[in-house]
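Notes follow once the structure below has been shown.
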Amino acid sequence: MDLPEEVASATSSAGDHNQTRRIICTTGCGRPVNVCLCHTLPSTPIPTAAKIVILHHPHERRHKLATVPLLSRCLLNCEIIVGRKLKYGQSKLLDSLHDQACENPNLPLGRALYLFPGPNALPFAEVNRFGSSCDFIGMDDFVLILFDGTWKHAKEMVLASLPFLSKFAIQVCLDFDAGVDGGTIFDSDLILRKEPFAGCMSTMEAVARCLRVLEPNGIDIETRIIEVLKAMVSFQACFLKPMKPRPRLMKTSTGRNDKSDSTDSVC
């Protein structure tokens, strides 16, 4: 049965629109063509003295907001390992660090750094001073290890990797405050997903902040990476609608605030 002309036209237009959305950029960013970011990527991957190793959770490979695929196109010395934990045999670089530490147990740790917030982590701002105290040759000795996934997954990945990682790497962290709620895409042009607490950030932003400290031209590298992230967030923000608080949640929140205020006044 033939469709009316108007219906056929609408169906054809919808099909063409869906087909356009499915076309993937295969020459650069690997994203749908309607949100292509090739114009923001460096013409050639940026070389760095420090080496970057990222454990990429399998679920993140299917997530449209994952930043690691773009990060690997921005940086030359960026190794991506897909998995749920780090172990011997996945990376020649990490294997060599492990073997060196096992063969020379008296050597101080510090060349390899794994980034994850925690009370015992070394503040990243002190990394260069720490490296100097250990008589390292220079910036090119540093290996930065990151865990890419949801914060729940990242914590699991770190714990699962410690039997291997703890033999040759030390924990470092950027500034964070677990007592303050994290931001959302409505709060910053660098946030793609709701963060659990202040100081949390995407893997791409974390790498940019770290390279600012580690690299001689760190500020320039940070700027280039942040430009790509901002463009990605900007595209995502275009598809979002402002959210209105639900009446029930507003009532609950008001009740909690009243209770909190009364408690403060008693104290």
Side-chain angles (χ1 to χ4, degrees), residues 42 44-56 67-68 70-81 83 85-88 90-118 120-148 154 157-158 161-176 199-226 228-229:
T44 57
I46 303 170
T48 57
K51 298 175 178 61
I52 311 296
V53 179
I54 301 175
L55 182 63
H56 189 47
T67 61
V68 166
L70 285 177
L71 186 59
S72 64
R73 290 170 170 82
C74 292
L75 298 175
L76 183 63
N77 295 324
C78 183
E79 179 182 357
I80 310 298
I81 301 171
K85 70 175 182 179
L86 291 173
K87 57 186 178 181
Y88 196 89
Q90 293 174 314
S91 164
K92 292 182 179 180
L93 174 60
L94 298 187
D95 289 352
S96 66
L97 292 171
H98 175 274
D99 292 343
Q100 184 180 18
C102 291
E103 294 170 1
N104 304 278
N106 294 326
L107 287 179
L109 302 181
R111 178 186 176 191
L113 315 167
Y114 70 93
L115 187 71
F116 198 77
N120 299 320
L122 177 73
F124 206 87
E126 299 180 17
V127 165
N128 286 338
R129 181 179 59 80
F130 179 80
S132 299
S133 67
C134 294
D135 296 325
F136 291 137
I137 297 174
M139 299 289 191
D140 57 337
D141 280 332
F142 283 113
V143 176
L144 180 64
I145 303 166
L146 301 97
F147 299 84
D148 182 70
M157 293 157 73
V158 171
S161 302
L162 280 180
F164 172 67
L165 202 59
S166 60
K167 290 182 171 60
F168 60 88
I170 62 172
Q171 184 179 359
V172 295
C173 68
L174 297 167
D175 292 339
F176 71 96
C200 296
M201 60 189 71
S202 68
T203 302
M204 176 174 277
E205 183 180 357
V207 170
R209 304 307 183 201
C210 292
L211 290 179
R212 177 189 178 98
V213 176
L214 294 178
E215 297 295 309
N217 58 333
I219 295 178
D220 292 338
I221 295 175
E222 178 191 41
T223 300
R224 295 295 304 279
I225 296 174
I226 292 299
V228 178
L229 178 58

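Residue numbers run from 1 in the order of the sequence given. We use all heavy atoms of the structure for the numbers below, so side chains are in, but hydrogens, waters and symmetry mates are not.
Residues A50 and L211 approach most closely at CB-CD2, 4.5 Å, considering heavy atoms. The nearest pair of heavy atoms linking L86 to S161 is N-OG, 2.8 Å. Between L146 and L144, the closest heavy-atom pair is CD1-CG, 3.8 Å. In plain terms, the two heavy atoms of C173 and P117 that are nearest each other are CB-CA, 3.8 Å. D148 and M157 make their closest contact through O-CE, 3.7 Å (heavy atoms, listed as atom of the first residue, atom of the second, distance). Shown here for M204 and L71, the closest heavy-atom pair between the two residues is CE-N, 3.6 Å.
Side chains of I221 and R212 form no contact here, defined as non-hydrogen atoms less than 4.5 Å apart. Side-chain contact between V207 and T67: absent, with no pair of heavy atoms (C-beta onward) separated by less than 4.5 Å. You'll find the side chain of D99 reaches within 4.5 Å of the side chain of Y88, heavy atoms only.
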What do the steps show when you test I225 against L75 for side chain to side chain contact (heavy atoms under 4.5 Å, CB included), and what is the final call? CA-CA 9 Å; I225 296 174; L75 298 175; 4.0 Å; yes
Check the pair L174, L115 against side chain to side chain contact (heavy atoms under 4.5 Å, CB included), reporting the backbone distance first and the verdict last. CA-CA 8 Å; L174 297 167; L115 187 71; 4.3 Å; yes
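Between the side chain of Q90 and the backbone N or O of K85 there is at least one donor-acceptor pair closer than 3.5 Å.
Atom CD1 of I52 and atom CG of L76 lie 11.5 Å apart (nearest 0.5 Å). Rounding to the nearest 0.5 Å gives a distance of 12.5 Å between CZ of F124 and CZ of R209. Of the inter-residue distances, the one linking F142 atom CZ with K51 atom NZ reads 12.0 Å to the nearest 0.5 angstrom. Going from atom CD of Q100 over to atom CG of D95 covers 13.0 Å, rounded to the nearest 0.5 Å. Between the CG atom of L113 and the SG atom of C210 there is a distance of 8.5 Å, given to the nearest 0.5 Å. Distance check, rounded to the nearest 0.5 Å: CD1 of I54 to OG of S72 gives 7.5 Å.
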Side-chain donor/acceptor pairs under 3.5 Å, residues 163-171, sequence neighbours excluded:
residue: S166; atom: OG; partner: L162; partner atom: O; Å: 2.6
residue: K167; atom: NZ; partner: P163; partner atom: O; Å: 2.8
residue: Q171; atom: NE2; partner: F116; partner atom: O; Å: 2.8

